[in-house]
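First comes the structure, then the notes that go with it.
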Amino acid sequence: MKQILIKPEIHSYDTFHTFAAEYALGEQDVILTNEYIYNPIMAAEDLKCAVIYQEKYGTGEPTDVMTEAILEEVRKYDARRIIAVGGGTIIDIAKVLVLEGADRIDDMYENMAELKKGKELIIIPTTCGTGSEVTNIAVLNRTKLGTKQGMVSQAMFADKAVLIPEFLGSLPYKVFATSSIDALVHAVESYLNPDATVFSEMYSVKAIEMLLEGYCRIAEEGTEAWKKDAEKYLIASNMAGIGFSNNGCGAVHAMAYAIGGKYHVPHGESNYQFFVPVLKLYERKVTGGKMAELKNILKACMVNGGFGGADSDESAIDLLRSLLDKVLPAKKMSEYGVVQEDIVPFAQSTVDNQQRLLKNSHVPLSQDEIQAVYQECL
Ligand SMILES: NC(=O)c1ccc[n+]([C@@H]2O[C@H](COP(=O)([O-])OP(=O)(O)OC[C@H]3O[C@@H](n4cnc5c(N)ncnc54)[C@H](O)[C@@H]3O)[C@@H](O)[C@H]2O)c1
Ligand SMILES: [Fe+2]
């Protein structure tokens with residue numbers, strides 16, 4: 001059984017300036033980014049490469065329609081490398097841009113086993129969440145299906161992942177919060193995955209420790225404190241990415257895609273909805289084993305960070321809920337527009353479209369149990 005795969009090589013630089021010089025960015029490159037990420041840091045470099053701003057092709061997280069339009073634009077250049085500088089939205093689109101052959105996203109989903117890479121891919125994450133720089137998945141909203149779905153292929157691994165904390169300077173607090181909660185969900189779902197190995201667990205646990213240490217500082221000092229730990233969050237989200245890249249996320253991600261697809265709730269926020277309720281469900285279904293170990297890890301991290309006392313009776317999951325509330329107050333699904341009539345179709349869509357993720361759940365969940373969690377979160 002495979003124990004761990006870490007791909008690609010991971011580099012880090014203090015500044016984009018040093019990276020641009022070392023990688024000799026030039027006419028052979030296309031940068032995919034957002035204008036408000038490009039202007040404060042990259043514009044000063046007077047780069048000779050083409051620059052594509054994703055927001056000109058649509059707002060929000062990636063859809064098949066947006067990605068096809070950007071693909072058409074990229075084909076106008078004779079680029080050897082795609083440089084993705086952005087959050088998971090930019091990164092996931094860029095993974096599709098390096099594929100050769102098909103023009104239609106639907107065809108790519110149908111022939112995932114045949115996908116081939118035609119260009120080099122260099123990824124610089126600017127949120128501290130997805131870990132997408134070390135995974136071979138791109139998650140797109142398939143507009144005809146009305147849900148988000150992962151496209152998975154070895155051809156979508158980056159050639160280099162580059163961590164440059166300088167980019168996090170412009171990150172709005174809300175995006176920091178939702179993306180880092182996404183990273184925490186990656187670490188926890190990967191840790192609880194029945195296929196986790198001692199190697200993948202090492203990355204998941206380290207990520208959990210680093211994220212919770214930062215969250216405890218936020219609880220104590222206020223939300224601005226995240227900036228002191230920006231580099232730590234960037235590394236933690238990468239490590240969480242290594243964990244789930246090896247065995248996959250589970251029920252929380254599976255359930256998030258239906259609401260993300262229909263109501264365009266940002267990925268980290270939709271995951272946050274179901275994170276604690278799914279952990280509580282696991283807690284009710286299993287005693288001992290990995291779930292008990294996870295609770296020990298969570299509790300130790302929070303107590304060490306000064307959040308909650310070692311002797312407190314509060315369960316680790318309830319304590320985690322209180323800590324997450326300090327980072328970002330949780331919302332109900334109805335606040336995003338979800339109505340009672342969505343609950344049954346959401347549960348059905350999760351079972352029909354997200355088996356890739358559901359099979360990684362800590363313990364199998366029935367459609368009724370999934371529906372009950374949606375109901376609880378309404
Ligand atoms: N492929 C994977 O392995 C994987 C894993 C998890 C999530 N995802 C996907 O990633 C997407 C979410 O990514 P995300 O949470 O990173 O958010 P995002 O990329 O959607 O970014 C959120 C917002 O923050 C802005 N932003 C990003 N970095 C910024 C910066 N440094 N300064 C100022 N603004 C900045 C973006 O332009 C955007 O408006 C979802 O589509 C999700 O499905 C993919
Ligand atoms: Fe995620």
Side-chain angles (χ1 to χ4, degrees), residues 7 16 32-42 53-64 66-67 84-96 121 123-142 147-153 156-158 161 164-190 207 227 230 233-234 237-238 240-246 248-250 252-257 259-261 264-275 354 356-357:
K7 227 173 155 181
F16 177 76
L32 177 70
T33 188
N34 296 123
E35 193 165 5
Y36 43 88
I37 296 177
Y38 186 82
N39 281 339
I41 292 174
M42 292 183 268
Y53 298 131
Q54 168 265 329
E55 66 272 29
K56 300 222 157 117
Y57 299 81
T59 51
E61 295 184 346
T63 67
D64 43 13
M66 184 196 293
T67 308
V85 188
T89 294
I90 299 279
I91 299 174
D92 284 7
I93 295 171
K95 287 177 172 176
V96 178
L121 176 60
I123 297 180
I124 303 174
T126 67
T127 61
C128 37
T130 69
S132 182
E133 68 277 10
V134 287
T135 72
N136 61 347
I137 311 165
V139 186
L140 305 182
N141 190 341
R142 299 193 68 187
T147 187
K148 297 182 78 167
Q149 222 176 31
M151 189 192 295
V152 186
S153 165
M156 286 193 293
F157 268 122
I164 308 178
E166 183 185 25
F167 280 107
L168 268 60
S170 56
L171 195 63
Y173 178 78
K174 173 97 182 283
V175 183
F176 151 73
T178 53
S179 65
S180 62
I181 290 173
D182 185 31
L184 181 65
V185 179
H186 294 156
V188 167
E189 293 215 281
S190 155
K227 292 195 171 153
Y233 285 111
L234 190 62
S237 71
N238 183 277
I242 292 172
F244 91 85
S245 176
N246 275 273
C249 289
V252 178
H253 273 72
M255 294 190 63
Y257 285 151
I259 170 170
H264 306 290
V265 180
H267 176 76
E269 246 175 298
S270 51
N271 273 314
Y272 184 25
Q273 294 269 310
F274 308 113
F275 183 36
Q354 308 300 347
R356 174 182 75 82
L357 294 161

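From a predicted model like this one, the values you see are computed outputs, not experimental measurements. Quick note: residue numbers are just sequence positions, from 1. As the structure lists them, so they are numbered: ligands from 1, and atoms in each ligand from 1.
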Taking [X] for the side chain and [Y] for the main chain, is one N or O donor matched with an acceptor at less than 3.5 Å?
X    : Y    : result
E189 : G250 : yes
Q354 : K148 : yes
S245 : V134 : yes

Closest approach to the Fe ion (ligand 2) by D182, given as the N, O or S atom name: OD1
Plane angle bin for H186 and F244 - parallel if under 30°, tilted between 30 and 60°, otherwise perpendicular: tilted
Exercise: do S153 and K95 side chains pair donor with acceptor under 3.5 Å: no
H267 side chain to E61 side chain, donor-acceptor N/O pair below 3.5 angstrom: no
Sub-6.0 Å ring centroid separation between F176 and Y173: yes
Per-ligand residue contacts, ligand 1, heavy-atom threshold under 4.0 Å: N34, Y36, I37, E61, P62, G87, G88, T89, D92, K95, T126, T127, T130, S132, T135, I137, V139, K148, F167, S170, L171, P172, V175, S179, D182, H186, F244, H267
Heteroatom test (N, O or S) for H267 near the Fe ion (ligand 2), limit 2.8 Å: yes
